[in-house]
J.: 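There's a structure below that I have some questions on.
Because the structure is a prediction, the values reported are computed rather than measured.
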Amino acid sequence: MRRKMAAGNWKMNGLRSSLAELDKLARAHPTAKCDLLVCPPATLLCAAATTCGNSAIRVGGQTCHDAVSGAHTGDISAQMLRDAGATAVILGHSERRQDHDERSEDVRLLAQAAQAANLQTVICVGESLFQRQATNTLDIIGAQLSLSIPDSSTGENLVVAYEPVWAIGSGMTPTPDQIGEVHDFMRARLEQRFGYGVGKSVRLLYGGSVKPANAAEIFAISNVDGALVGGASLKAEDFSPIIAALERA
């Protein structure tokens with residue numbers, strides 16, 4: 001059975017004082033019934049790993065470079081993330097695809113490097129509002145899955161997060177039927193590519209305006225194994241009810 005996962009993406013938010021929220025979260029969920037992952041900015045990664053210590057919370061990065069080292073000013077390799085205490089990394093988030101022109105082929109290279117460094121890869125896919133309105137959502141998701149996910153992926157080193165671009169930070173959430181359609185489609189595609197065993201074991205997260213108020217409804221949807229949470233993960237008082245809803249799902 002797939003273990004549920006609640007992942008928090010802090011994006012470009014957080015100072016050292018923000019680490020107190022991780023301590024609160026750890027104390028609120030000392031023996032979580034789901035996997036907990038928080039991805040702070042790189043400036044806080046090492047300190048976050050220390051803060052979380054032996055708690056139920058793992059920490060991860062928000063992206064990495066595909067090279068092990070080299071003349072890449074400002075970039076961070078997967079090995080560096082691992083050395084700082086990360087056990088996972090988010091890759092292919094829509095904001096990286098848009099702001100840094102990352103293509104699915106680029107995401108695949110990053111994922112290969114991350115998996116080689118023994119990092120779990122949380123690979124994001126999702127359609128824009130224009131693509132949703134053009135009713136070719138599944139074509140977009142299918143292409144992103146095919147091109148972004150490396151052949152080295154397994155149920156242990158791969159998590160896929162569906163984040164409709166138009167729902168991120170907008171307060172808009174797809175209907176349960178829309179979420180279910182995409183998650184069922186992703187499950188079928190993974191089973192087709194990797195076989196029934198691996199395809200069934202990969203966890204599928206939903207992300208995009210997940211809040212305490214709508215978490216239970218989202219977690220009841222077919223093939224939704226958890227959430228990738230943005231703004232609501234910054235405060236323990238907001239993230240904790242989402243985790244509790246997932247534990248009850």
Side-chain angles (χ1 to χ4, degrees), residues 1-7 9 34-35 37 39 58 60 63-64 66 78 87-94 96-97 102-128 131-132 135-165 167-168 174-208 210 218-229 246 249:
M1 181 177 292
R2 297 183 300 274
R3 184 170 167 83
K4 309 273 187 185
M5 173 183 278
N9 177 13
C34 60
D35 284 350
L37 174 67
C39 299
R58 297 184 298 121
T63 190
C64 67
D66 65 328
T87 62
V89 61
I90 298 170
L91 298 171
H93 192 281
S94 63
R96 297 290 308 180
R97 292 177 186 260
E102 286 184 358
R103 304 166 301 159
S104 292
E105 294 87 347
D106 300 321
V107 176
R108 186 187 190 101
L109 292 176
L110 302 182
Q112 288 173 343
Q115 291 176 359
N118 199 28
L119 289 176
Q120 187 176 61
T121 52
V122 182
I123 297 180
C124 301
V125 298
E127 82 283 9
S128 68
Q131 290 163 338
R132 163 63 65 175
T135 66
N136 63 342
T137 294
L138 298 185
D139 291 337
I140 298 299
I141 301 301
Q144 290 177 341
L145 288 173
S146 177
L147 296 173
S148 300
I149 297 174
D151 294 334
S152 55
S153 297
T154 67
E156 288 72 41
N157 66 18
L158 174 67
V159 175
V160 177
Y162 168 54
E163 292 202 315
V165 179
I168 299 173
T175 67
D177 286 346
Q178 289 173 324
I179 296 173
E181 178 188 39
V182 173
H183 277 247
D184 289 347
F185 171 80
M186 293 194 299
R187 178 70 65 207
R189 278 298 180 93
L190 289 170
E191 289 179 20
Q192 182 182 51
R193 177 175 172 185
F194 293 103
Y196 181 84
V198 172
K200 276 291 187 188
S201 64
V202 174
R203 286 173 287 187
L204 305 180
L205 311 184
Y206 170 76
V210 179
I218 291 171
F219 296 148
I221 299 170
S222 170
N223 280 311
V224 173
D225 302 313
L228 179 57
V229 183
L246 183 58

J.: Could you report the tightest heavy-atom contact between Gln144 and Gly126, atom names first, then the distance?
T.: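 Looking at all heavy atoms of both residues, the shortest contact is OE1-N, 2.8 Å.
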J.: Does any part of the side chain of Glu163, heavy atoms only, come nearer than 4.5 Å to the side chain of Leu228, both counted from C-beta?
T.: yes
J.: Report the distance from atom NZ of Lys4 to atom CZ of Arg2, rounding to the nearest 0.5 Å.
T.: 7.5 Å
J.: Any side-chain heavy atom of Glu181 within less than 4.5 Å of one from Phe185?
T.: no
J.: Apply side-chain hydrogen bond (donor to acceptor under 3.5 Å, both in side chains) to Arg96 and list each qualifying residue two or more places apart in sequence or on a separate chain.
T.: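 For Arg96, the residues satisfying side-chain hydrogen bond (donor to acceptor under 3.5 Å, both in side chains) (neighbours in sequence not counted) are His100, Glu102.
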J.: Pairing donors with acceptors under 3.5 angstrom, does anything connect the side chains of Ser152 and Gln112?
T.: no
J.: Looking only at heavy atoms, which two atoms of Arg203 and Asp225 are closest? And how far apart?
T.: CA-OD2, 3.4 Å
J.: Check the angle between the aromatic planes of Tyr162 and His183 and answer parallel, tilted or perpendicular using the 30° and 60° thresholds.
T.: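 Geometry flag for His183 against Tyr162: perpendicular rings.
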J.: OG/Ser146 to CZ/Arg108 distance, rounded to the nearest 0.5 angstrom?
T.: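 Rounded to the nearest 0.5 Å, the OG-CZ separation comes out at 7.0 Å.
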J.: Hey, are the side chains of Leu204 and Val224 touching, using non-hydrogen atoms and a 4.5 Å cut-off?
T.: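 Not touching, per the 4.5 Å side-chain cut-off.
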J.: Kindly give the heavy-atom pair with the smallest separation between Gly155 and Ser201, and that separation in Å.
T.: CA-OG, 3.2 Å
J.: Can you see which heavy atom on Leu119 is nearest to which on Ala78, and at what distance?
T.: CD1-O, 3.6 Å
J.: Is any side-chain heavy atom of Asn9 closer than 4.5 Å to one of Val122?
T.: no
J.: Calculate, to the nearest 0.5 Å, the distance between atoms CG and OG1 belonging to Leu91 and Thr63 respectively.
T.: 5.5 Å
J.: Find the distance between CD (Gln192) and CG (Leu145) and round it off to the nearest 0.5 Å.
T.: 11.0 Å
J.: Run the side-chain contact (heavy atoms from CB on, under 4.5 Å) test on Gln131 and Thr137 for me, step by step, so that the C-alpha distance in whole Å, both residues' side-chain angles and the decisive distance to 0.1 Å come before the verdict.
T.: CA-CA 6 Å; Gln131 290 163 338; Thr137 294; 5.5 Å; no
J.: Salt-bridged, Arg193 to Asp151, with N to O below 4.0 Å?
T.: yes
J.: Between Thr154 and Val198 (side chain of the first, backbone of the second, donor and acceptor by atom type, cut-off under 3.5 Å), is there such a pair?
T.: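 Side chain of Thr154 to backbone of Val198: no pair is present.
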J.: Is there a side-chain contact between His93 and Cys39, using heavy atoms and a 4.5 Å cut-off?
T.: no
J.: Apply the test side-chain contact (heavy atoms from CB on, under 4.5 Å) to residues Leu147 and Arg103: give CA-CA distance (whole Å), side-chain angles for both, the deciding distance (0.1 Å), then the verdict.
T.: CA-CA 9 Å; Leu147 296 173; Arg103 304 166 301 159; over 6 Å; no
J.: Quick check: closest heavy atoms across Lys200 and Arg187, and the distance to 0.1 Å?
T.: O-NH1, 3.6 Å
J.: Which heavy atom in Pro150 sits nearest to a heavy atom in Ile123, and how many Å separate them?
T.: CD-CD1, 4.1 Å
J.: How many angstroms lie between atom CD1 of Ile140 and atom OG of Ser128, to the nearest 0.5 angstrom?
T.: 7.0 Å
J.: Taking the side chain as everything from C-beta on, heavy atoms only, tell me whether Met186 gets closer than 4.5 Å to Val125.
T.: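 Yes, side chains in contact.
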J.: To the nearest 0.5 Å, tell me how far Leu205 CG sits from Phe219 CZ.
T.: 9.0 Å
J.: Between Val159 and Leu37, is there a side-chain heavy-atom distance shorter than 4.5 Å?
T.: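 The answer is no, as the side chains (C-beta and beyond) never meet within the 4.5 Å cut-off.
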